[in-house]
Amino acid sequence: MILVRVRDVRVEAEDIRSIDLVSADGSMLPAWTPGAHIEVQLPGGLMRPYSLFNGPEETDCYRIAIKRDPASRGGSAVLHESVARGDNLHISAPRNLFQLDLQAKRFVLIAGGIGITPIFSMFRALIAADRDVTLHYFARGAAHAAFADTLFEHSATRQVNCHFGLDEAATRARLHEILGDHAVAMGDALYICGPTPLMELVTTQAHSTGWPEAAIHRESFGAIAVSPKQHDAEKSFEVVFARSGKRCVVAPGQTIIAAAAEVGIVFDTSCEQGFCGCCLSRVLEGEPEHRDGYLSKAEQAAGDQIMPCISRCKSARLVLDI
């Protein structure tokens, strides 16, 4: 963990505040790339992930933005109410699960709400590198749009397009227009971040207008959305804990961590949403069904790690190195 100091706090939009973090001892912070996030340690040991929205010119601090969640379990409420300039916090080093493919020729960025944070970082880096990029930002209204002043500076050139106050039908129609206008060519890349309903709409419209799956990149701030159909298809599976020899059965709708607790196996946990990495476990046998936002696609494909707070198993038996 890295000890940092809060250098500044600003109101960015309604219910959104940003925090500048610098090293508490004046040393350099670890380097990072657009799309990266850090995890912030909160009272009680809770860890919460927040994307960095810095521009490439800002090398002396990390900048994060937090939307206050009415259903907050201690994350956004603490950072909105209790953290002030001069306070010290512990954070993780940056980790990037939403990496820009700089081999792409043209970039289309779509953000919704607080999902603008990693997209804003990407946009600023691509503009600085003089790359072909267009950003579309969906929000409830101008008062709810973070970084609006900076984004509006680019609106005259159509590099930024803001779409405010649209209902679902209007959003779907606008997305179809946006993605259809960007005739897909080899080397195009689409990056999406925002609420799950928006990301699903964008993905659906992208597929319908000819975007290949390999060109579509998404960022989720937590567990992968699981449809009712997927929940209904869940089956029980056995988990064996290799070191102790204990075993349990994970029922449909139950987490591995909950089932393990019934036989006396206790995991370290924090976010319990598959994002912080606290409960990451090594898989010795079995095929994980990944539902986390922590492991990269390559790490998930390897099948030798699992986040037991949220993920399940496709096979009848899962053996963990615990």
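We count residues from 1, following the sequence as given.
For Gly35 against Pro118, the heavy-atom pair with the smallest separation is CA-CB, 4.2 Å. Summarising the geometry of Tyr191 relative to Asp101, their closest heavy-atom pair is OH-N, 2.7 Å, with the distance given to 0.1 Å. Considering all non-hydrogen atoms of both residues, Pro34 and Asn96 come closest at O-ND2, 3.0 Å. Shortest non-hydrogen contact noted between His290 and Ile306 is CE1-CA, 4.4 Å.
To the nearest 0.5 Å, atoms CG (Leu320) and CD1 (Ile265) are separated by 9.5 Å. Between the CG atom in Leu21 and the CD1 atom in Ile38 there is a gap of 5.5 Å [rounded to 0.5 Å]. Here the CG-NE2 distance, from Leu109 to His217, works out to 10.5 Å after rounding to the nearest 0.5 Å. Summarising the geometry, atom OG belonging to Ser18 is positioned 7.5 Å from atom CD1 belonging to Ile66; distances are rounded to the nearest 0.5 Å. Remark: Cys278 SG to Met47 CE distance equals 8.0 Å, nearest 0.5 Å. To the nearest 0.5 Å, atom CG of residue Leu79 and atom CG of residue Leu89 are 7.0 Å apart.
Checking side-chain atoms of Ser281 against main-chain N and O of Cys279 turns up a donor-acceptor pair under 3.5 Å. Formation of a donor-acceptor pair under 3.5 Å by the Ser311 side chain with backbone atoms of Pro308 is not found in this model. When atom types are taken as modelled, the side chain of Lys105 and the backbone of Asp188 share no donor-acceptor pair closer than 3.5 angstrom. Here the side chain of Asn161 pairs no donor or acceptor atom with the backbone of His136 at under 3.5 angstrom. In terms of modelled atom types and a separation under 3.5 Å, the side chain of Ser315 and the main chain of Glu287 share a donor-acceptor contact. Asn54 places a side-chain N or O within 3.5 Å of a backbone atom of Cys61 that can act as its donor or acceptor partner. A side-chain donor-acceptor contact under 3.5 Å links His37 to the backbone of Arg95. Between the Arg312 side chain and the Lys235 main chain, a donor and an acceptor come within less than 3.5 Å of each other. In this structure a side-chain-to-backbone donor-acceptor pair under 3.5 Å is missing from Thr255 to Cys309. The closest donor-acceptor contact from the side chain of Asp292 to the backbone of Leu295 lies under 3.5 Å.
At a threshold of 4.0 Å, the pair Arg291-Glu234 counts as salt-bridged, since one of the basic side-chain nitrogens sits closer than that to a carboxylate oxygen. A salt bridge links Arg317 with Glu238; the closest basic N to acidic carboxylate O contact falls under 4.0 Å. A salt bridge links Asp321 with Arg243: the closest approach of a Lys/Arg side-chain nitrogen to an acidic carboxylate oxygen falls below 4.0 angstrom. With respect to the salt-bridge test (charged N to carboxylate O, under 4.0 angstrom), the residues Glu58 and Arg124 qualify. Comment: Glu57 does not engage Arg63 in a salt bridge, judged by the lack of any side-chain N to carboxylate O separation of less than 4.0 angstrom. One finds a salt bridge joining Asp8 and Arg85 here, because a Lys/Arg side-chain nitrogen approaches an Asp/Glu carboxylate oxygen to under 4.0 Å.
When each of Leu3, Ile64, Val4 is checked for a side-chain contact (heavy atoms from CB on, under 4.5 Å) with Ile91, only Val4 meets the rule.
Aromatic ring centres of His154 and Phe123 lie closer together than 6.0 Å. Residues Tyr50 and Tyr62 keep their aromatic ring centres 6.0 Å or farther apart.
A donor-acceptor contact closer than 3.5 angstrom links the side chains of Glu213 and His207. Of the N and O atoms on the side chains of Ser76 and Arg68, not one donor lies less than 3.5 Å from an acceptor on the other residue. Looking only at atom types and distance, the side chain of Thr203 has a donor-acceptor partner in the side chain of Arg218 under 3.5 Å away. In this model, no donor atom of one side chain and acceptor atom of the other lie less than 3.5 Å apart for Gln300 and Glu289.
Environment of CG in Asp167: crowded, with over 12 heavy atoms of neighbouring residues, nucleotides or ligands closer than 6.0 Å. Residue Glu81 qualifies as enclosed at atom CD: its count of foreign heavy atoms under 6.0 Å is above 12. Within a 6.0 Å radius of NE2 in His163, other residues, nucleotides and ligands contribute more than 12 heavy atoms. Within 6.0 Å of CZ in Arg282 there are 12 or fewer heavy atoms belonging to other residues, nucleotides or ligands.
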Legend entry - Trace of the side chain to side chain contact (heavy atoms under 4.5 Å, CB included) decision for Leu175 with Ile110: CA-CA 9 Å; Leu175 288 171; Ile110 298 181; 4.1 Å; yes

Legend entry - Derivation of the side chain to side chain contact (heavy atoms under 4.5 Å, CB included) call for Leu166 and Arg174: CA-CA 9 Å; Leu166 303 183; Arg174 186 67 53 83; 4.0 Å; yes

Legend entry - Ile256 and Leu318: CA distance, side-chain angles, deciding distance, side chain to side chain contact (heavy atoms under 4.5 Å, CB included) verdict: CA-CA 10 Å; Ile256 294 173; Leu318 181 70; 3.9 Å; yes

Inset, instruction - Please step through side chain to side chain contact (heavy atoms under 4.5 Å, CB included) for the pair Phe241 and Cys248, ending with a clear verdict. - result: CA-CA 9 Å; Phe241 304 99; Cys248 66; 3.9 Å; yes

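Between Tyr137 and Phe164, the angle of the ring planes goes over 60°, which puts this pair in the perpendicular group of the 30/60° scheme.
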